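Here is the structure we will look at.
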Amino acid sequence: MELSSARNKFVSLRIKRHKNLKNDILSGLTVSLALVPEAIAFAFVAGVDPKVGLYAAFMMGLITSIIGGRPGMISGATGAVAVIFAPLVAKVVEAGQTSGLSSDMILESALGYLFAAVILMGLIQIVCGLLKLGKFIRLVPHPVMLGFVNGLAIIIFMSQLEQFTVGGKLLDPLPLAIMVSLIALTMAIGIFIPKLTRGVPATLVGIVTISLIGAAINHFNPGMVRTVLDFVQDGNPTITTIAAGLPTFSLPHIPLTFEAFKFILPYAFLAAAVGLIESLMTLTLIDELTETRGKGNKECIGQGIANMVNGFFGGMGGCAMIGQSMINIRGGGRSRLSGFTSAICLLGFVVVGAKFIEQIPLAALVGVMFLVVIGTFEWSSLRLANKIPASDLLVIVIVSAVTVFADLAIAVLVGIVVSALVFAWQHGKEMRADKREEEEQTIYKLKGPLFFGSITSFKGIFDFKNDQEHVVIDFAQSRVWDHSGLEALKNVTDRYSQNGKKLHLLNLSKESRMLLGKAENIVELSVVEDLEWHLAVDALD
């Protein structure tokens with residue numbers, strides 16, 4: 001009941017706003033501004049040039065907006081994928097340096113392996129979509145979803161903290177105070193503008209306003225307000241601009257050998273898994289917020305095609321981005337046009353508008369992301385401590401913590417495993433049986449599933465010494481689910497045999513008969529059709 005109430009509170013965040021051409025365009029423009037510093041940051045994480053991250057953000061956003069399964073969701077270069085590919089790039093660079101190659105050759109080799117891995121990543125995701133594996137996102141329990149949302153909110157918050165530092169050191173007091181003030185003003189605009197008008201996205205108003213204020217401050221006191229270009233130069237002082245040309249097609253420079261394939265496969269597979277999990281979880285969240293339903297399998301294919309194109313056109317790959325998706329949804333972006341607009345605007349900034357984007361204060365973008373954190377974190381989950389089962393609360397905490405300190409894919413898998421174990425434990429405790437005695441027969445009417453979680457209580461039901469010569473287990477209200485259940489039946493059969501008695505199974509379901517039939521070399525059981533001892537078989541075939 002309480003968890004259901006929490007879910008209702010969770011979906012109470014729904015943003016009921018109809019599709020609108022103006023909202024889609026303006027929201028897409030806002031998202032494109034927020035994509036720039038993150039794409040650059042993730043490129044630095046992967047150890048490649050910023051334009052590789054910017055190209056990835058453009059191509060991921062463009063292609064998924066056209067053929068993806070979730071209108072309104074934003075994809076781009078992400079930290080989850082960048083972290084996976086960073087060791088690949090580092091190993092290739094190290095090998096090139098050891099071999100004495102020139103810096104240009106090392107760079108070409110590193111990018112070749114990276115792009116090949118991104119192409120393979122895309123192929124894997126397309127296969128997952130064609131096999132309709134996207135439906136398995138339904139296996140994610142709601143506590144795992146809450147943990148995922150909270151963990152990502154914390155990650156987004158923590159990722160913004162580096163903007164307050166230069167070279168690992170905190171900003172000087174005056175620049176720091178100005179930055180904090182501008183962030184607060186950005187957040188205030190984002191909170192109060194919607195109360196006055198929803199004609200334009202509040203976050204776009206905030207970015208424009210803070211950009212004008214920042215430009216004025218820097219005019220009189222140059223360098224006092226940190227900008228996007230300052231952030232880029234923190235990562236690589238030799239870069240003077242983020243401007244770049246259009247992405248061009250080229251084949252990755254990588255040896256066509258099995259050794260090269262074996263080297264990139266683990267990175268590609270892990271990146272594909274992480275990318276799909278993050279994308280499908282984000283899709284589910286947006287479904288909740290907008291009361292619509294995306295297509296998971298189609299999104300898998302869209303993500304895969306986008307990543308393949310990335311590999312051939314010089315992008316580092318990526319997946320759905322919950323932060324930018326939340327900016328888009330809250331800004332009124334609902335259709336594919338919003339994602340398309342953000343991608344085209346981003347490319348326009350890189351090709352012709354770089355000088356403008358470079359001067360946007362980091363404070364404006366940090367303020368926008370802090371608003372995303374506030375809107376993404378499920379605050380009602382903090383009030384659930386005494387209102388939901390302790391196991392559900394534990395899952396929320398575990399998934400949140402693992403998301404922050406390890407990896408999103410690992411966090412979701414851990415959450416599902418813990419939830420499954422809790423489910424098994426709860427259902428295992430429900431195994432019981434009604435017992436009655438008849439002439440030469442002891443009949444147990446089993447209630448509850450027979451599987452690994454219930455075998456202990458199952459074995460404790462029977463009275464091996466005092467039961468009648470023939471013992472019947474009635475499975476009308478039960479079912480054998482796994483090998484552990486088969487082994488439990490074998491154990492009970494052997495125990496009765498040792499006491500000179502025979503065990504018979506009644507009312508087996510079709511699925512249980514099939515499972516027992518496949519295990520005929522493991523366990524032989526007498527299966528009866530009714531209590532008149534009309535035997536079906538002695539050992540199922």
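Small disclaimer: the values here were computed from a predicted structure and weren't measured.
Proximity of Pro201 to Leu29: side-chain heavy atoms (C-beta onward) are nowhere separated by under 4.5 Å. Inter-residue side-chain proximity for Asn20 and Arg334 is flagged as unmet; no heavy-atom pair is nearer than 4.5 Å. Contact check for Cys128 versus Leu276: side-chain heavy atoms found under the 4.5 Å cut-off. A 4.5 Å side-chain heavy-atom check between Met316 and Tyr55 finds every atom pair outside the cut-off. A 4.5 Å side-chain heavy-atom check between Cys300 and Leu133 finds every atom pair outside the cut-off. Side-chain contact between Phe148 and Val140 is absent, with no heavy-atom pair separated by less than 4.5 Å. Met321 has its side chain out of reach of Thr282: every pair of non-hydrogen atoms, C-beta onward, lies at least 4.5 Å apart. Between Pro141 and Ile416, some side-chain heavy-atom pair lies under the 4.5 Å cut-off.
Between the side chain of Asn307 and the backbone N or O of Met121, no donor-acceptor pair lies under 3.5 Å. Proximity of a side-chain donor or acceptor of Ser109 to a complementary backbone N or O of Met105 within less than 3.5 Å is not detected. Thr30 places a side-chain N or O within 3.5 Å of a backbone atom of Leu26 that can act as its donor or acceptor partner. Ser335 contributes a side-chain N or O that, together with a main-chain N or O of Leu337, makes up a donor-acceptor pair within less than 3.5 Å. Here the side chain of Asp172 pairs no donor or acceptor atom with the backbone of Leu174 at under 3.5 angstrom. Checked by atom type and distance alone, the side chain of Arg226 never pairs as donor or acceptor with a backbone atom of Ala363 at under 3.5 Å. Counting only distance, with no hydrogens or angles, the side chain of Glu108 and the backbone of His253 share no donor-acceptor pair below 3.5 Å. Remark: the backbone N or O of Gly69 is paired with a side-chain donor or acceptor of Glu299 at under 3.5 angstrom. With Thr165 contributing its side chain and Gly168 its backbone, the two residues share no donor-acceptor pair below 3.5 Å. With Asn310 contributing its side chain and Ala306 its backbone, the two residues share a donor-acceptor pair below 3.5 Å.
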For a ring pair (Phe, Tyr, Trp, His ring centres under 6.0 Å) check, start with the C-alpha distance between Phe85 and Tyr267, then their side-chain angles and the critical distance, and finish with the verdict. CA-CA 6 Å; Phe85 286 139; Tyr267 299 100; 7.3 Å; no
Criterion side-chain contact (heavy atoms from CB on, under 4.5 Å) on Ile322 and Ile286, from CA distance to verdict: CA-CA 9 Å; Ile322 188 171; Ile286 296 176; over 6 Å; no
Determine, step by step, whether Val399 and Asn150 satisfy the side-chain contact (heavy atoms from CB on, under 4.5 Å) criterion, reporting the C-alpha distance in whole Å, the side-chain angles of both residues, the deciding distance to 0.1 Å, and the verdict. CA-CA 9 Å; Val399 174; Asn150 290 349; over 6 Å; no
Could you walk me through whether Ile301 and Gln125 pass the side-chain contact (heavy atoms from CB on, under 4.5 Å) check? CA-CA 6 Å; Ile301 295 174; Gln125 291 178 327; over 6 Å; no
Assess the residue pair Phe263 and Tyr113 against the criterion (ring pair (Phe, Tyr, Trp, His ring centres under 6.0 Å)); give the C-alpha distance rounded to whole Å, side-chain angles, the decisive distance to 0.1 Å, and a yes or no. CA-CA 9 Å; Phe263 175 67; Tyr113 276 90; 5.6 Å; yes
Stepwise side-chain contact (heavy atoms from CB on, under 4.5 Å) test for Ile126 and Met308: CA-CA 9 Å; Ile126 291 173; Met308 284 191 64; 3.5 Å; yes
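Taking OG1 from Thr290 and CG from Leu285, the interatomic distance works out to 9.0 Å, rounded to the nearest 0.5 Å. In this structure, CD on Glu278 lies 9.5 Å from OG1 on Thr403, to the nearest 0.5 angstrom. For the atom pair Met326 CE and Met369 CE, the distance stands at 10.5 Å (nearest 0.5 Å).
A side-chain donor from one of Asp230 and Thr227 sits under 3.5 Å from a side-chain acceptor of the other. When only modelled atom types and interatomic distance are considered, Thr292 and Arg70 share a side-chain donor-acceptor pair under 3.5 Å. Counted by atom type alone, Gln303 and Ser75 present one or more donor-acceptor pairs between their side chains at under 3.5 Å.
Of the residues Ile183, Val205, Leu185, the one that meets the side-chain contact (heavy atoms from CB on, under 4.5 Å) test with Ile210 is Leu185. When each of Ile40, Thr241, Asn236 is tested with Pro50 by the rule side-chain contact (heavy atoms from CB on, under 4.5 Å), just one qualifies, namely Ile40.
Taking both residues in full, the closest heavy atoms of Val31 and Ile74 are given as CG1-CG2, 3.8 Å, listed atom of the first, atom of the second, then distance. Here the shortest heavy-atom pairing between Asn328 and Ser27 reads OD1-OG, 2.7 Å. Smallest separation of non-hydrogen atoms from Leu365 and Pro37: CD1-CG, 3.3 Å. The two residues Gly415 and Val395 have their closest heavy-atom pair at O-CG1, 4.2 Å.
For Lys298, the NZ atom counts as densely surrounded, since its 6.0 Å shell holds more than 12 non-hydrogen atoms of other residues, nucleotides or ligands. Under a cut-off of 6.0 angstrom, the local environment of CZ in Phe164 is crowded, with over 12 non-hydrogen atoms contributed by other residues, nucleotides or ligands. With a 6.0 Å radius and a threshold of 12 heavy atoms from other residues, nucleotides or ligands, Leu382 has its CG atom above the threshold.
Ring pair Phe312/Phe249 is parallel by interplanar angle, where below 30° counts as parallel and above 60° as perpendicular.
Between Arg336 and Asp24, no side-chain nitrogen of the basic residue sits less than 4.0 Å from a carboxylate oxygen of the acidic one, so the salt-bridge criterion is not met.
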